[in-house]
**Student:** 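Mind looking over this structure? Questions follow.
Predicted model, so just to flag it, every value in this text is computed and none were measured.
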Amino acid sequence: MSTATVAVKKRTPVRPARVLLHVVLGSMALAWLAPLAWAIYAALRPYAETSEKGYVSLPDTLNFDNFTNAFTQSDMTHYFGNTLLIAVPAVLLTLFLSSMVAFYVSRFDFRINLFLLLVFTAGNLLPQQVIITPLYRLYLLIDLPGITMSGKLYDSALGLVLIHVAFQSGFCAFVLSNYMKMLPHELTEAALVDGASVWRLYWQITLPLCRPAMAALATLLSIWIYNDFFWALVLISTGENMPITSALNNLSGQYFTDPNLVAAGALLTAIPTLIVYFLLQRQFVSGLTLGANKG
């Protein structure tokens with residue numbers, strides 16, 4: 001007579017350290033989401049109601065009037081176009097130039113490779129406020145008649161594109177160079193034996209293999225450049241040339257500012273960054289650790 005054994009899985013005991021970890025992570029998540037939830041709550045309420053009952057009160061009316069008014073009063077369509085005119089060329093040009101630098105320092109053996117990569121990376125460590133005065137004077141001195149509306153590099157979308165490329169290329173070159181170092185050198189050697197040129201090695205062999213890293217960097221660059229306010233505030237003087245982050249200024253009056261309206265406008269300006277992130281979410285998450293295990 002055979003006896004059947006029943007396998008009983010023992011439940012892993014809950015350790016206090018794990019409970020504490022989940023409590024801390026949950027608290028941090030709530031603390032992070034609380035301002036966003038509060039902004040949504042304020043944007044859905046009329047200002048007359050909050051001024052009468054206070055922000056910490058139950059609502060009588062919830063509607064999307066603030067979002068509609070914020071979109072029309074700030075002329076967001078125009079400023080979205082300005083931001084698109086700045087962000088798209090800046091992202092593409094940054095990825096193109098930084099990938100060329102990364103290809104050079106990672107696939108060719110020269111004495112200045114490490115120094116060149118160090119120079120590009122060190123540019124990201126320089127605070128923006130340190131160079132703003134000489135950069136402002138330089139932009140005023142550079143004349144571009146017929147190229148920009150202002151006739152100068154100052155007060156133009158081209159000026160913002162160039163400064164974004166200059167400040168973001170170092171980080172992108174560092175990430176891409178570490179990623180390219182992980183690619184098999186046999187690919188390059190085999191292509192060289194077959195007579196491939198350096199440009200073909202870069203454009204047709206190496207660059208297609210770097211699509212995950214490029215997608216992750218494109219997501220980061222799009223968010224960083226889109227959310228920029230400092231360079232636009234300093235290097236743009238005409239209100240119509242401002243990017244979307246400056247459109248919120250149109251919602252502030254000289255003597256009165258509706259905070260509920262500003263909250264609705266801020267939420268509207270955040271929508272494009274969310275769209276970019278969700279479209280490239282898989283590439284962004286998979287590319288967070290690219291090049292991190294080899295220097």
Side-chain angles (χ1 to χ4, degrees), residues 84-126 144 147 153 157-226 228 272-273 275-295:
L84 195 66
L85 188 62
I86 296 170
V88 173
V91 171
L92 295 179
L93 193 58
T94 300
L95 291 177
F96 176 67
L97 296 178
S98 59
S99 63
M100 295 181 69
V101 174
F103 175 76
Y104 175 81
V105 300
S106 62
R107 311 306 288 180
F108 294 94
D109 188 14
F110 291 97
R111 292 183 178 180
I112 63 172
N113 280 11
L114 183 60
F115 175 76
L116 182 62
L117 183 61
L118 181 63
V119 170
F120 272 83
T121 307
N124 289 91
L125 304 178
L126 191 66
L144 296 175
I147 300 178
L153 191 58
L158 177 61
L160 289 182
V161 170
L162 294 179
I163 194 61
H164 284 308
V165 171
F167 261 85
Q168 305 299 341
S169 295
F171 172 75
C172 295
F174 175 76
V175 174
L176 289 175
S177 64
N178 286 336
Y179 181 76
M180 290 181 183
K181 288 178 182 178
M182 297 188 299
L183 300 178
H185 283 273
E186 289 77 10
L187 294 175
T188 305
E189 295 172 357
L192 288 174
V193 171
D194 292 338
S197 61
V198 175
W199 174 256
R200 189 172 183 181
L201 289 176
Y202 160 74
W203 187 255
Q204 295 185 354
I205 298 177
T206 304
L207 205 59
L209 298 176
C210 297
R211 288 178 181 175
M214 300 281 281
L217 289 174
T219 306
L220 289 174
L221 289 175
S222 299
I223 295 174
W224 290 342
I225 296 175
Y226 179 88
D228 172 70
T273 58
I275 294 176
V276 171
Y277 174 76
F278 285 121
L279 290 178
L280 301 176
Q281 181 180 9
R282 180 177 301 178
Q283 292 83 355
F284 175 73
V285 174
S286 63
L288 286 177
T289 57
L290 291 177
N293 60 347
K294 188 172 183 179

**Student:** Would you check if F167 and W224 make a side-chain contact, meaning some heavy-atom pair closer than 4.5 Å?
**Tutor:** no
**Student:** Can you tell me if F108 has over 12 outside heavy atoms packed within less than 6.0 Å of its CZ?
**Tutor:** yes
**Student:** Please round to the nearest 0.5 Å and tell me the distance separating atom CD1 of I86 and atom CG of L162.
**Tutor:** 11.0 Å
**Student:** Compare every heavy atom of H164 with every heavy atom of A90, then report the nearest pair and how far apart it is.
**Tutor:** CB-CB, 4.1 Å
**Student:** Would you be so kind as to tabulate the donor-acceptor pairs closer than 3.5 Å made by side chains of residues 208-222, with sequence neighbours excluded?
**Tutor:**
from, atom 1, to, atom 2, distance (Å)
T219, OG1, A215, O, 2.9
S222, OG, A218, O, 2.7

**Student:** Of all residues at least two apart in sequence or in a different chain, which pass the ring pair (Phe, Tyr, Trp, His ring centres under 6.0 Å) check with Y277?
**Tutor:** F284
**Student:** For the atom pair CG (L92) and CG (L97), what is the distance rounded to the nearest 0.5 Å?
**Tutor:** 11.0 Å
**Student:** Which pair of non-hydrogen atoms, one from S106 and one from S177, has the smallest distance, and what is that distance?
**Tutor:** CB-O, 3.7 Å
**Student:** Quick one: closest heavy-atom pair of S98 and L176, and the distance?
**Tutor:** OG-CD1, 3.9 Å
**Student:** Considering only heavy atoms from C-beta outward, does the side chain of Y226 approach that of V276 to under 4.5 Å?
**Tutor:** no
**Student:** Between R107 and M180, which heavy-atom pair has the shortest distance, and what is it?
**Tutor:** NH1-O, 2.8 Å
**Student:** Counting N and O atoms only, with roles assigned by atom type, does the side chain of S169 sit under 3.5 Å from a partner on the main chain of A166, one being a donor and the other an acceptor?
**Tutor:** no
**Student:** For L201, which residues count as a side chain to side chain contact (heavy atoms under 4.5 Å, CB included) partner, sequence neighbours excluded?
**Tutor:** F103, T188, A191, L192, A196, I205
**Student:** Counting C-beta onward and ignoring hydrogens, is there a side-chain heavy-atom pair between L153 and I147 closer than 4.5 Å?
**Tutor:** no
**Student:** About how many Å separate CG of L93 and CD of Q168, when rounded to the nearest 0.5 Å?
**Tutor:** 12.5 Å
**Student:** If the plane angle is over 60° it's perpendicular, under 30° parallel, otherwise tilted; pick one for W199 and W203.
**Tutor:** parallel
